[in-house]
There are 2 protein chains.
Amino acid sequence: MKTTPADIHILIVEDDLASRSLLVSYFENAGYRVSETDNADHLAERIDQDAVDLVLLDISLPGKDGLTVTRELRANSAVGIILVTSKGDEIDRIVGLELGADDYVTKPFNPRELLVRAKNLLWRMFIADTAKRNGESRSQMIYSFEGWQLDPYKRQLTSPEGHHERLPEGEFKLLQTLVNHPGQVLSRDQLMDAIHDREWTPNDRSVDVLIGRLRRKLGDNPSNPQLILTAHGAGYMFAGNTGS
Amino acid sequence: MKTTPADIHILIVEDDLASRSLLVSYFENAGYRVSETDNADHLAERIDQDAVDLVLLDISLPGKDGLTVTRELRANSAVGIILVTSKGDEIDRIVGLELGADDYVTKPFNPRELLVRAKNLLWRMFIADTAKRNGESRSQMIYSFEGWQLDPYKRQLTSPEGHHERLPEGEFKLLQTLVNHPGQVLSRDQLMDAIHDREWTPNDRSVDVLIGRLRRKLGDNPSNPQLILTAHGAGYMFAGNTGS
DNA sequence: CTCAGATGTAACAGAATGTAAAAAGGACTT
DNA sequence: AAGTCCTTTTTACATTCTGTTACATCTGAG
């Protein structure tokens with residue numbers, strides 16, 4: 001399993017040209033390697049051959065039943081499957097999930113939302129993969145730095161003294177993103193992207209506020225921060241020693 | 001076991017002509033080979049002779065008790081059985097499943113839903129068949145997490161201390177959906193889909209109320225939940241360790 | 001050193017969530 | 001029918017979270 005977008009191969013199965021092009025360009029802009037097709041013939045083989053990591057599957061393809069396709073894929077492969085369904089297909093959606101799809105979006109969908117779901121799924125696949133590799137259960141996949149521990153599964157922060165605290169959604173995602181890129185300056189743009197499905201405008205201070213809240217919870221003195229450093233004019237950087 | 005619709009033989013046992021015709025045409029349109037009957041006489045023999053793969057059985061046939069029929073069928077055959085029950089027969093429904101039926105639908109049902117359930121069951125049968133039927137299928141369908149157990153047939157929740165409790169339909173489906181997707185944030189939209197066919201409007205709090213009831217029954221402190229986490233602005237997520 | 005722009009943060013307002021309790025269904029019973 | 005029991009949905013209000021604003025402080029180019 002890969003972690004950088006360029007290494008991740010996404011296959012878009014959609015018969016409508018307009019929708020397909022939209023999706024392709026959207027995911028290409030996000031940096032992924034994208035393939036496309038307008039039919040589900042020999043899908044399993046193609047996925048296997050081309051080392052596809054994630055499939056976006058329009059469930060109402062002409063000729064073939066999307067649910068059957070889902071089954072066939074899941075039966076032989078651990079590929080990520082996101083179904084694209086129409087407004088009225090509640091049952092298909094539910095059964096689709098039961099049959100092994102990982103997620104779905106409903107047409108008409110917001111491309112941003114789809115991208116977020118795709119990222120989330122890829123992340124879950126990555127976690128599951130590494131956990132499996134190490135023979136661990138999911139909950140043991142824990143970030144640790146400077147005596148602190150961050151449990152991404154329960155979204156809980158544990159201090160060196162052993163005090164547990166549940167982090168709010170935004171703070172958790174921000175800290176997770178920082179910890180995932182130690183020693184790397186992340187722009188507010190990037191951080192905003194990781195936290196939310198939202199644009200960043202030059203006067204937006206919400207990232208700064210979240211950073212402040214995190215620093216306080218981490219006991220990090222802002223005038224001499226040890227964990228979350230400020231890169232003036234650029235963004236923020238996590239400087240803790242991971243794995244300690 | 002076959003995989004293409006034309007090879008699959010479905011028998012519809014239903015005394016009401018209108019319902020029966022509807023079902024027959026619906027499944028024929030889906031490409032299956034369909035037979036029909038208005039009584040359950042010599043059902044086992046007929047199924048055996050005609051190589052029936054799946055039976056849709058109206059539980060309230062005149063003369064014969066659908067439950068008895070179910071037991072007889074299951075005793076001698078691995079045929080797929082989907083019960084068609086009336087609205088009020090909750091007890092019959094559960095007993096039917098315990099006697100060996102594979103699934104049920106409630107009248108008045110959506111033909112589409114029945115078709116999807118039938119496909120789903122045929123697929124499960126195919127899987128079970130190829131997997132050589134090792135281990136009983138029933139116990140594998142029990143969800144377990146953190147000492148809790150959830151029995152989908154009885155809709156029963158068992159605490160780590162062994163205390164049983166029947167869950168209402170909505171709470172059960174919600175919990176089942178969450179448990180089926182551990183670590184994944186599910187939007188209220190998705191959860192609403194899973195509970196029943198209904199749109200979610202921004203001011204709809206019914207999902208939240210159900211979540212609250214589940215948390216109380218699971219002993220999950222909402223201000224520091226361990227099992228059902230809140231993803232502010234996004235939805236809810238199950239964070240228990242499944243399979244333990 | 002100065003100063004414009006960038007960052008830190010308290011405080012507030014608006015939005016989202018938790019939840020008790022009332023209202024509204026639904027199905028069975030009398 | 002009316003009543004009862006169970007479940008679901010709505011309502012209302014308390015609580016929590018998030019983003020904005022305002023102002024204090026800091027940084028670094030010049």
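Proteins come first, then strands; the chains are lettered A, B, ... in the order of their sequence lines, and each starts at number 1. Worth saying up front: this structure is predicted, and the values here are computed from it rather than measured.
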**Q** Which residue pairs pass the ring pair (Phe, Tyr, Trp, His ring centres under 6.0 Å) test with at least one member in residues 203-240 of chain A, sequence neighbours excluded?
**A**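 Applying ring pair (Phe, Tyr, Trp, His ring centres under 6.0 Å) to every pair that reaches into residues 203-240 of chain A, excluding sequence neighbours, yields A:Phe145-A:Phe238.
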**Q** Is there a donor in the side chain of B:Asp193 and an acceptor in the side chain of A:Tyr104, or the other way round, less than 3.5 Å apart?
**A**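 On atom types as modelled, these side chains qualify, holding a pair under 3.5 Å.
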**Q** Run the side-chain donor-acceptor check on residues 222-230 of chain A: report pairs under 3.5 Å with partners two or more places apart or on a different chain.
**A**
{"unit_1": "A:Ser223", "atom_1": "OG", "unit_2": "A:Asn221", "atom_2": "OD1", "d": "2.9"}
{"unit_1": "A:Ser223", "atom_1": "OG", "unit_2": "A:Asn221", "atom_2": "ND2", "d": "3.4"}
{"unit_1": "A:Asn224", "atom_1": "OD1", "unit_2": "A:Gln226", "atom_2": "NE2", "d": "3.4"}
{"unit_1": "A:Gln226", "atom_1": "NE2", "unit_2": "A:Asn224", "atom_2": "O", "d": "3.4"}
{"unit_1": "A:Thr230", "atom_1": "OG1", "unit_2": "A:Arg215", "atom_2": "NH2", "d": "2.7"}

**Q** State which residues pass side-chain contact (heavy atoms from CB on, under 4.5 Å) with A:Lys173; sequence neighbours excluded, sorted by chain then number.
**A**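 Result, side-chain contact (heavy atoms from CB on, under 4.5 Å) vs A:Lys173: A:Glu169.
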**Q** Using modelled atom types and a 3.5 Å cut-off, is there a donor and acceptor pairing between side-chain atoms of B:Arg20 and backbone atoms of B:Glu14?
**A**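 Checking the backbone N and O of B:Glu14 against the side chain of B:Arg20, a donor-acceptor pair under 3.5 Å is found.
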**Q** Report, as a single string ordered 5' to 3', how protein heavy atoms within less than 4.0 Å touch nucleotides 12-22 of chain C: B base, S sugar-phosphate only, - not at all.
**A** ----SBBBB--
**Q** Just jot down the side-chain contact (heavy atoms from CB on, under 4.5 Å) partners of B:Ser21, sequence neighbours excluded, or say none.
**A**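 If we apply the side-chain contact (heavy atoms from CB on, under 4.5 Å) test to B:Ser21, skipping adjacent residues, the hits are B:Leu17.
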**Q** First and last nucleotide of DNA chain D touching chain A, 5' to 3', heavy-atom cut-off 4.0 Å?
**A**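 Contacts span D:dC17 to D:dT27, reading 5' to 3'.
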**Q** Indicate yes or no: does A:Asp102 engage A:Arg117 in a salt bridge with an N to O separation below 4.0 Å.
**A**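 Salt bridge absent between A:Asp102 and A:Arg117.
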**Q** So, are A:Asp58 and A:Lys107 salt-bridged, with charged N and O less than 4.0 Å apart?
**A**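 Answer for the salt bridge query: yes.
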**Q** What integer distance in Å separates A:Leu214:CG from C:dT9:P?
**A**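 Rounding to the nearest Å, CG of A:Leu214 and P of C:dT9 are 12 Å apart.
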**Q** Touch check for B:Asp204, heavy atoms < 4.0 angstrom, all strands: base, sugar-phosphate only, or nothing?
**A**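 Sugar-phosphate contact only - B:Asp204 comes under 4.0 Å of backbone atoms but never of a base.
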**Q** Return whichever of A:Glu169 or B:Leu167 has its heavy-atom-nearest nucleotide of DNA chain D closer to the 5' end.
**A**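 First, find each residue's nearest nucleotide; the 5'-ward one identifies B:Leu167.
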